[in-house]
Participant: 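One structure, pasted below without further comment.
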Amino acid sequence: MKVILLGTAAGGGFPQWNCACALCQAAQSGLLMSRTQECVAVSGNSRDWWLLNASPDIRTQLLATADLHPGPGPRDTPVRGVLLTDAELDHTLGLTILRGASDLTLYAAAPVLDALTTSLPLHGLLDRYEPWSWQLSTRPGGFDLTGGLRVSTHPISAKAPKYVTAASTDAHWVTALRIEDQNTGGTLIYAPCLADWPPGFDELLATATHAIVDGTFFSARELGAAVVSTNSDAGQSRMGHLPVDGPTGTLVALARHPSLRRIYTHLNNTNPLLDPASTPSTLIARAGIEVMPDGAEFTV
Ligand code: MLT
Ligand code: MN
Ligand code: ZN
């Protein structure tokens with residue numbers, strides 16, 4: 001399976017348009033690499049491509065990626081559909097950019113499909129441009145994608161998007177995807193939104209060769225510190241992203257899986273991992289965990 005990291009930043013991208021923090025200024029001036037909002041493309045045969053989430057930057061990302069260019073017919077595209085892990089705006093607004101594409105299939109969990117029908121009614125709206133096939137991703141036994149990929153979903157958290165009023169607090173809003181190449185056995189776990197380290201997640205990682213994991217925040221207080229918030233709940237706990245650092249962070253947890261290729265993504269503009277010369281970047285490199293640039297490709 002070919003995997004391309006189309007975008008690697010959290011919502012807002014890097015730099016973020018309304019942020020003048022030191023990191024965003026460094027990206028504005030070209031000292032640090034800019035990043036578009038988080039999105040991945042996978043293919044089992046290099047012909048049929050599936051998007052994992054659809055970022056608002058999807059147009060730029062598709063144009064920057066030769067494998068995803070249109071053809072051979074004037075309106076042909078190798079993009080077959082989209083698999084959503086959640087209903088967050090930075091993972092769903094790209095669907096509006098894809099409007100009018102024919103024969104797309106979209107997979108999502110029930111609360112996400114529901115949100116895209118009610119609170120953020122993209123389902124009906126987009127179907128008026130070109131009807132797509134909207135499918136439940138959480139079906140028992142998983143499902144197959146053209147190109148030889150087999151997918152199963154795993155519940156991660158009940159973290160609902162801010163725009164959903166009266167969201168059910170016990171629903172599985174966020175899922176991880178397990179994508180297995182049926183020909184090679186290579187298996188990718190994709191979990192860009194971890195509110196905590198969920199039960200069974202170690203066992204899930206043990207079935208894989210590669211993992212793309214939530215690296216939004218390096219430390220728990222990072223967001224509060226960057227925006228000088230008076231909100232005592234600012235930062236990762238409010239945002240629903242487990243930090244990398246600390247005794248309950250993802251770095252300690254991922255250290256239990258040394259033979260897995262581990263990649264952090266969805267980096268917030270406050271995250272020192274955006275600077276390859278930072279001490280946190282050295283720390284995760286020593287642990288064998290990677291941060292990759294937009295456009296990075298690897299084979300699973
Ligand atoms: C998230 O990842 O928690 C959301 O994308 C936050 C947001 O809406 O910006
Ligand atoms: Mn996000
Ligand atoms: Zn910033």
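Along the sequence shown, residues carry numbers from 1. What you are looking at is a predicted structure, and each value in this text was computed from that prediction instead of being measured. Read the numbers this way: they start at 1 and go in the same order the structure lists the ligands and their atoms.
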Participant: Please examine the side chains of Phe143 and Leu83, heavy atoms only from C-beta on, and report whether any two atoms are closer than 4.5 Å.
Facilitator: yes

Participant: Please note down the angle at the Zn ion (ligand 3) between OD1 of Asn269 and SG of Cys21, to the nearest 10°.
Facilitator: 120°

Participant: Mark up the atoms of ligand 1 that fall under 4.0 Å of a heavy atom belonging to Lys159, in ascending order.
Facilitator: 1 (C), 3 (O)

Participant: Is there an N/O/S atom in Asp90 at a distance below 2.8 Å from the Mn ion (ligand 2)?
Facilitator: yes

Participant: For His266, what is the atom name of its N, O or S atom nearest to the Mn ion (ligand 2)?
Facilitator: NE2

Participant: Could you tell me whether Lys162 approaches ligand 1 through its side chain, its backbone, both or neither, with non-hydrogen atoms closer than 4.0 Å?
Facilitator: neither

Participant: Examine ligand 1 and decide if any of its atoms is less than 4.0 Å from a heavy atom belonging to Leu89.
Facilitator: no

Participant: Please say whether more than 12 non-hydrogen atoms of neighbouring residues, nucleotides or ligands are located less than 6.0 Å from OH in Tyr163.
Facilitator: yes

Participant: With under 30° as parallel and over 60° as perpendicular, where do the rings of Phe201 and Trp197 fit, or are they tilted in between?
Facilitator: perpendicular

Participant: Does the ring centre of His172 sit less than 6.0 Å away from the ring centre of His154?
Facilitator: no

Participant: Lys2 and salt bridge (Lys or Arg N to Asp or Glu O under 4.0 Å): which partner among Asp48, Asp181, Asp67?
Facilitator: Asp67

Participant: Can you sort out which atoms of ligand 1 are near His266, meaning under 4.0 Å from one of its heavy atoms?
Facilitator: 2 (O)

Participant: Using side-chain contact (heavy atoms from CB on, under 4.5 Å) as the criterion, point out the one residue from Asp294, Thr60, Ile58 that pairs with Leu6.
Facilitator: Ile58

Participant: Can you tell which part of His91 has a heavy atom less than 4.0 Å from ligand 1: side chain, backbone, both or neither?
Facilitator: neither

